[in-house]
Amino acid sequence: MISYRPTVPADVDRVTSWIVTESVGWIPADRYLSDLAEDMYRPEWTWIAERDGQVVGRALWWGPKGSPHPVALDCLDVDPAVDDRAAVAGELIGAALAEFPASVQYAIKVAGGWRDDPATLAAVEWRRAAAHAAGLTREVERLQFEWAPADGVPSVAGRLRFAEASDEEFLAAFRRIAEGSLDAQTRANLTAKGVDATAREEMDFYLRAPGKREWWRIAYTREGEVAGMAIPSATPYNVNVGYLGVVPEFRGRGYVDEVLAEITRLHAANGEARITATTDMANAPMAAAFARAGYRNTEIGINLSNDVQP
């Protein structure tokens with residue numbers, strides 16, 4: 001019989017000795033211990049499956065420092081010797097979710113072309129089945145990009161002017177950019193919550209992120225009209241593109257390249273050696289903009305989440 005529970009501090013060696021052998025992203029011991037010290041992994045957020053006193057599965061849930069609950073499942077694995085890994089993993093996720101009050105997501109990270117590799121495909125499929133069984137049924141495939149100084153700092157095109165602005169001006173820009181967005185999460189939020197709540201939540205997310213508020217810029221045309229905005233940001237691990245967008249009436253003019261270039265230049269001017277970015281696989285225009293700016297696709301995340309709450 002298999003039981004499921006959160007860990008206690010005495011379990012740390014049992015958790016960190018685990019090694020994932022499949023071709024999916026996972027959290028090794030040094031990363032887990034580092035983030036555990038920063039309170040981004042916690043014993044009560046780390047769940048294990050046990051059989052006869054042996055750990056046969058683990059689920060590592062992550063949250064930002066100071067968060068009252070986790071926001072993401074970073075690593076999921078079940079011993080290959082277990083007969084039905086998907087069933088055990090589904091029970092493990094479900095047991096944890098019953099204790100977590102807010103929406104969460106699970107990203108299965110793989111290399112490009114993963115569907116063409118039978119071993120990686122199999123590793124994804126049982127994890128996906130487990131997530132679906134536990135209620136994480138909304139699925140979006142996202143591209144992860146990365147920029148380094150060797151990729152080249154974009155030049156200034158000069159069609160747009162970038163300036164600091166008030167929170168009210170940024171909130172208005174968030175509202176406008178949400179219209180017709182190709183981002184799956186934004187579209188789901190618009191349907192469930194409406195444009196005002198969606199804009200407010202997106203802005204609040206970036207205000208709480210480790211990036212600096214003074215990095216934010218509104219993009220203006222030469223005539224002084226708001227064309228979009230650039231929000232360079234950061235995670236606890238590195239700087240990233242954050243949020244960028246162009247308002248509906250100015251889309252299709254190549255302004256997205258200038259907005260992305262502004263974000264890249266700001267991070268580069270601060271001496272950053274690595275900038276990360278993500279976009280939905282379905283958002284082909286944004287993926288193309290990253291490629292034009294010298295960003296390289298480094299991995300794919302298969303993001304699974306529970307329904308957006310209104």
Donor-acceptor side-chain pairing of [X] and [Y] below 3.5 angstrom:
X: Thr46; Y: Tyr32; answer: yes
X: Asp35; Y: Tyr237; answer: yes
X: His132; Y: Glu139; answer: yes
X: Tyr295; Y: Thr264; answer: yes
X: Thr276; Y: Asn238; answer: yes

Could you tell me whether a side-chain N or O of Glu169 sits under 3.5 Å from a main-chain N or O of Ser166, the two making a donor and an acceptor?
-> yes

Do [X] and [Y] belong to the same hydrophobic cluster, where Ile, Leu, Val, Met, Phe, Trp and Tyr are linked whenever their side-chain heavy atoms lie under 4.5 Å apart, directly or via other members?
X: Val156; Y: Met229; value: no
X: Val56; Y: Val8; value: no
X: Val241; Y: Phe205; value: yes
X: Ile2; Y: Val55; value: yes

Test of understanding: with side chain to side chain contact (heavy atoms under 4.5 Å, CB included), list the residues that count as partners of [X], not counting sequence neighbours.
X: Val110; value: Val24, Ile108, Trp114, Thr120, Val124, Ile300, Ile302
X: Asn297; value: Leu143, Phe145
X: Pro236; value: Met40, Trp62, Pro210

Min side-chain heavy-atom separation [X]-[Y] under 4.5 Å:
X: Asp77; Y: Trp26; value: no
X: Arg296; Y: Phe290; value: no
X: Val256; Y: Arg292; value: yes
X: Trp126; Y: Val78; value: yes

side-chain hydrogen bond (donor to acceptor under 3.5 Å, both in side chains) involving [X] - partner list, sequence neighbours excluded:
X: Arg217; answer: none
X: Arg265; answer: Glu262
X: Tyr220; answer: none
X: Thr7; answer: none

Under 4.0 Å between a Lys/Arg side-chain N and an Asp/Glu carboxylate O for Arg85 and Glu22?
-> yes

Lys/Arg N to Asp/Glu carboxylate O, Asp39 vs Lys65, below 4.0 Å = no

Let me see the working for Phe162 and Ile218 under side-chain contact (heavy atoms from CB on, under 4.5 Å), right down to the final yes or no.
-> CA-CA 6 Å; Phe162 294 88; Ile218 293 287; over 6 Å; no

Where at least one partner belongs to residues 152-163, residue pairs that pass side chain to side chain donor-acceptor pair (under 3.5 Å), sequence neighbours excluded = Arg159-Glu258

Mind jotting down which residue pairs meet the side chain to side chain donor-acceptor pair (under 3.5 Å) criterion with at least one end in residues 8-17? Sequence neighbours excluded, please.
-> Arg5-Asp11, Asp11-Arg14, Arg14-Glu50

Are Phe100 and Trp61 close enough that their ring centres sit under 6.0 Å apart?
-> yes

Considering residues at least two apart in sequence or located in another chain, which fulfil the salt bridge (charged side-chain N to carboxylate O under 4.0 Å, His left out) criterion with Arg176?
-> Glu179, Glu249

Among all residues two or more places apart in sequence or in another chain, which pass the salt bridge (charged side-chain N to carboxylate O under 4.0 Å, His left out) test with Asp196?
-> Arg175

Residues, nucleotides or ligands: over 12 heavy atoms within 6.0 Å of Arg187 CZ = no

Can you check ring pair (Phe, Tyr, Trp, His ring centres under 6.0 Å) on Trp215 and His267, steps first, answer last?
-> CA-CA 9 Å; Trp215 292 346; His267 283 319; 5.2 Å; yes

Using a side-chain heavy atom cutoff under 4.5 Å and only I, L, V, M, F, W and Y, what cluster partners does Leu190 have?
-> Val195

Testing Trp45, Tyr41, Trp18 for side-chain contact (heavy atoms from CB on, under 4.5 Å) with Leu60, which one passes?
-> Tyr41

Would you sort out whether Phe250 and Glu225 count as a side-chain contact (heavy atoms from CB on, under 4.5 Å), showing the intermediate values?
-> CA-CA 10 Å; Phe250 288 120; Glu225 295 179 274; 3.7 Å; yes

